[in-house]
Every structure is written in structure tokens, then in C-alpha cells.
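This report refers to the structure that appears directly beneath it.
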2 protein chains.
Amino acid sequence: MEDHLTTYSEQLNCKGIRPSYQRVRILAYLHQAQVHPTVEDIFTALSPEIPTLSKATVYNTLHTFVEAGLVRDVNIDIDAQHYDIILEDHGHFKCSSCGKIYNFHLDLDQLTIDGLKEFKIHKKDVYFSGLCPDCQSKTNST
Amino acid sequence: MEDHLTTYSEQLNCKGIRPSYQRVRILAYLHQAQVHPTVEDIFTALSPEIPTLSKATVYNTLHTFVEAGLVRDVNIDIDAQHYDIILEDHGHFKCSSCGKIYNFHLDLDQLTIDGLKEFKIHKKDVYFSGLCPDCQSKTNST
DNA sequence: GTTCCTGCAAAAGCTTTGCAGAAGA
DNA sequence: TCTTCTGCAAAGCTTTTGCAGGAAC
């Protein structure tokens, strides 16, 4: 565990980000959780172990990470911003029933749009929504 | 003009929505503007002509329209929800410099994802961002 | 006349900001 | 030591909610 934290610390150094305890722990959480946590999720998860942790710090840290390209922001949910540690090309599916966000494989390079030749594209987001398999079976059985 | 309003009124009736003056005017604005207005935009545009208009009514109306399938909500902007009267398949590009939102042609049916066979997909959103041609030339000339 | 809608104000929720104290280099 | 970060509280924004009066049918 401590080894991992050291690795995260180095990862932050490489990006020119001061590896404070809070930042290392937040980065570690993002890697472990492998979900798409919100600021609230991260705060709730780490708060018991880091009692002095402030929500403002979580906001600051995530902004820093996004700017450094360490994480990706996921705007699929209008209620709150989600964050994703997986940087490879993929799309996001949000179940409108349970709210869970799934990844799906998607080659974004295949998404070349003729009408955007004059545009400089920095970010491509593909968001689907509907019902996940779990929620479909729940609905059918009622 | 009055003719158009009558048409919008009928359009609302078809969907089982009571064609109140406010609703008709908001629907008319969405058709005319052909941009991707926010609640604020709509309120600011109509407020001078409808002095008693309330922002809550604009919110209510847009929710009703989205539910009825008359407009599409565009979540590309984290600051505020945008609304789109164009229902045909297309993607959205947001310029991170000027904030303008552009439509681009995109056949969403071509976006079939193997990994989502078990999922029931209701909505597909494709959001790109970067620099629009106008903002690129501004940046280059400096 | 009954139902549904509007408008106002207040409240709720996410996010940002300002500043003093603390931690990192 | 000097810079940068953290934590707290307050403020800012968008959006939602409750309720009385008004419009639509």
C-alpha cells in the first residue's frame, strides 16, 4: 500500500504537481475505486481516514488533475461532475434508473466528421443513456 | 407571426400540452433562434415582451418540452443546460474559447457498440470541444 | 367549476472564492 | 524562508419547490 502511494507521489512529481498527502490519497482513490466518482463520493470515502479533509481541497485537486491530464471529467450527469481515471478512448453509458455509469469500448479516431475539418478538436465525449441490464430485468420481473 | 403562433399552439395540443401564451412564445423562440439557448437566454430574450414572465415558468416549460420530445437537452456545458429544437441526429461542438455551440452532421445509427448489446439505449449524445475556426484565426493573428 | 399553470420568493445543491494558517521545497 | 496548498466559511449560480392567484378548458 505504501508502495503504491510512493508511485502516485512520483506520478504527481512527473506532472509538476506537488505530491501533498491529500493529492496522493485522492489519486490513489481514483485508481482503486475504478468507478466514476463525484467530488462528494471522494470526500465521503476519504473523510473518515482524513478527518481534516476539506471538500474545497477535493475540488482543487480534481481541477489540477484534469488540467494535468491525469483524469478525465465526465459530464454525463447533470447533477454533479464525475471523474474518470481511465484515459484510453471509451464512451460512457449512464443508466437512468440506477444512475450507474458504465464504460464501453469506442475508437474515437473512427469518429471523424467531415463538417468539422476547420475545427480544432481537443476533446471527444460520447455519452449514452438508457437502462442497464440489471435494471431491465428488475423492470421485467415486476 | 400570429400564424406561426397558431401553428405552435397546435403542435402543443398534439402533444397533450396546454398551449398557454408562455409556452407558445418559448416554443416560438426556440424555433426562431436556432441556437442552443439556456434558460437564462430564453428568459432574457422574452422578458422585455412578457414582463411578468418568471424563470420558474421557463424551467417548467422546458422540462415539459423535453419530456414530450419537442426539444432535446444539451449537456455539453457544465455551467448551464442548453436546449435544442433540432431533433434529427447530430452532434454538438462547443468552442472552449467563445463558448459557441455548433451542430455537426452525424449518423448515430452508425454508432453501434458491441459491448452494449444488453443495454437499452434511449439517448445518444456526442459532444466535441476545442477551437472553432473563428477563434483559431483570432489566436493565430495575435 | 375544475383542473392545471404561472409567478414570486425561498430553499436546495454543486461549485467557487477569500483568507489565515499549515505544509512542502 | 518562501512558495504553494489546505481548510473553513461564506458567497455565487443554476435549478427546484411551495403556495396563492390566475388562466385554460
Side-chain angles (χ1 to χ4, degrees), chain A residues 5-6 8-27 29 36-44 46-68 70-71 73-83 99 101, chain B residues 5-6 8-27 29 36-68 70-71 73-83 99:
Chain A
L5 292 187
T6 309
Y8 295 136
S9 190
E10 283 163 9
Q11 204 176 330
L12 291 174
N13 267 323
C14 291
K15 292 283 184 177
I17 300 170
R18 248 189 219 182
S20 76
Y21 181 63
Q22 291 85 342
R23 286 170 173 172
V24 172
R25 291 299 306 273
I26 291 170
L27 185 58
Y29 177 78
H36 303 85
T38 61
V39 164
E40 189 66 38
D41 293 334
I42 298 172
F43 179 76
T44 306
L46 295 181
S47 207
E49 298 175 45
I50 316 172
T52 63
L53 183 66
S54 164
K55 217 174 265 188
T57 300
V58 182
Y59 277 103
N60 284 335
T61 301
L62 289 169
H63 288 172
T64 308
F65 287 0
V66 169
E67 205 157 333
L70 282 170
V71 304
D73 52 338
V74 179
N75 298 352
I76 199 173
D77 188 355
I78 206 62
D79 292 328
Q81 180 90 254
H82 293 251
Y83 294 91
I101 296 174
Chain B
L5 292 186
T6 309
Y8 296 137
S9 190
E10 283 163 9
Q11 205 176 331
L12 291 174
N13 267 322
C14 291
K15 293 281 185 178
I17 300 170
R18 247 187 220 183
S20 74
Y21 181 63
Q22 291 85 341
R23 286 171 174 172
V24 171
R25 290 299 306 272
I26 290 171
L27 185 58
Y29 177 78
H36 303 84
T38 62
V39 165
E40 189 67 38
D41 294 333
I42 298 171
F43 179 76
T44 307
L46 295 182
S47 207
E49 298 175 45
I50 315 171
T52 62
L53 183 65
S54 164
K55 217 174 267 188
T57 301
V58 182
Y59 277 103
N60 284 336
T61 301
L62 289 170
H63 288 172
T64 308
F65 287 0
V66 169
E67 204 156 335
L70 282 170
V71 303
D73 51 339
V74 179
N75 298 351
I76 199 173
D77 187 355
I78 205 64
D79 292 328
Q81 180 91 253
H82 293 250
Y83 295 90

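Chain letters run A, B, ... following the sequence lines, proteins first, then strands; residues in each count from 1.
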Residues that Thr64(B) engages under side-chain contact (heavy atoms from CB on, under 4.5 Å), provided they are two or more places apart: Ile17(B), Arg23(B)
Any base atoms under 4.0 Å from Leu53(B), or only sugar-phosphate, or nothing? Heavy atoms, all strands. sugar-phosphate
Please list each protein N or O that sits under 3.5 Å from an N or O in nucleotides 16-25 of chain C, with the distance.
{"from": "dT16(C)", "atom 1": "OP2", "to": "His63(A)", "atom 2": "NE2", "distance (Å)": "3.1"}

Which of these nucleotides, dT6(D), dC8(D), dG7(C), is closest to any side-chain atom of Ser54(A)? dC8(D)
How many whole angstroms separate atom CD1 of Ile50(B) from atom P of dG7(C)? 8 Å
Mind jotting down which residue pairs meet the ring pair (Phe, Tyr, Trp, His ring centres under 6.0 Å) criterion with at least one end in residues 36-59 of chain B? Sequence neighbours excluded, please. His36(B)-His92(B)
Quick check: do Tyr83(B) and Val74(B) have side-chain heavy atoms less than 4.5 Å from each other? no
Residues two or more places apart in sequence or in another chain: which of them pass salt bridge (Lys or Arg N to Asp or Glu O under 4.0 Å) with Asp41(A)? none
Supply the atom-to-atom distance Thr44(A) OG1 to Ile42(A) CD1, rounded to the nearest 0.5 angstrom. 9.5 Å
Under 4.0 Å between a side-chain N/O of Gln22(B) and OP1 or OP2 of dG7(C), yes or no? yes
Between dC5(C) (P) and Glu67(B) (CD): distance, integer Å: 11 Å
Round to a whole Å and report the spacing from CZ of Arg25(B) to P of dC5(C). 20 Å
In whole Å, I'd like the distance from the CG atom of Asp77(A) to the P atom of dT15(D). 13 Å
Atom of Val71(A), atom of Leu62(A) and distance for their closest heavy-atom approach: CG2-O, 4.5 Å
Rounding to an integer number of Å, can you tell me how far Leu12(B) CG sits from dC25(D) P? 11 Å
Sorted by number, residues from residues 39-48 of chain B placing a heavy atom under 4.0 Å from DNA chain C are none
For atom OH of Tyr83(A) and atom C1' of dC14(C), their distance in whole Å: 11 Å
How bent is the helix from dG1(C)-dC25(D) to dA25(C)-dT1(D), comparing axes over its five end pairs at each side, to the nearest 10°? 30°
Distance from Asn13(A) atom CG to Gln11(A) atom CD, nearest 0.5 Å? 10.5 Å
Please report the interatomic distance CG(Asp79(A)) to CD(Glu40(A)), rounded to the nearest 0.5 Å. 12.0 Å
Interatomic distance, Thr61(A) atom OG1 to Leu53(A) atom CG [nearest 0.5 angstrom]: 8.0 Å
Between dC13(D) atom C1' and Ile78(B) atom CD1, what is the distance in whole Å? 13 Å
Between dG7(D) (C1') and Ile26(A) (CD1): distance, integer Å: 13 Å
Any side-chain heavy atom of Val58(A) sitting closer than 4.5 Å to one from Val39(A)? yes
Interatomic distance, CG@Asn75(A) vs CD@Gln81(A), rounded to 0.5 Å, equals 4.5 Å
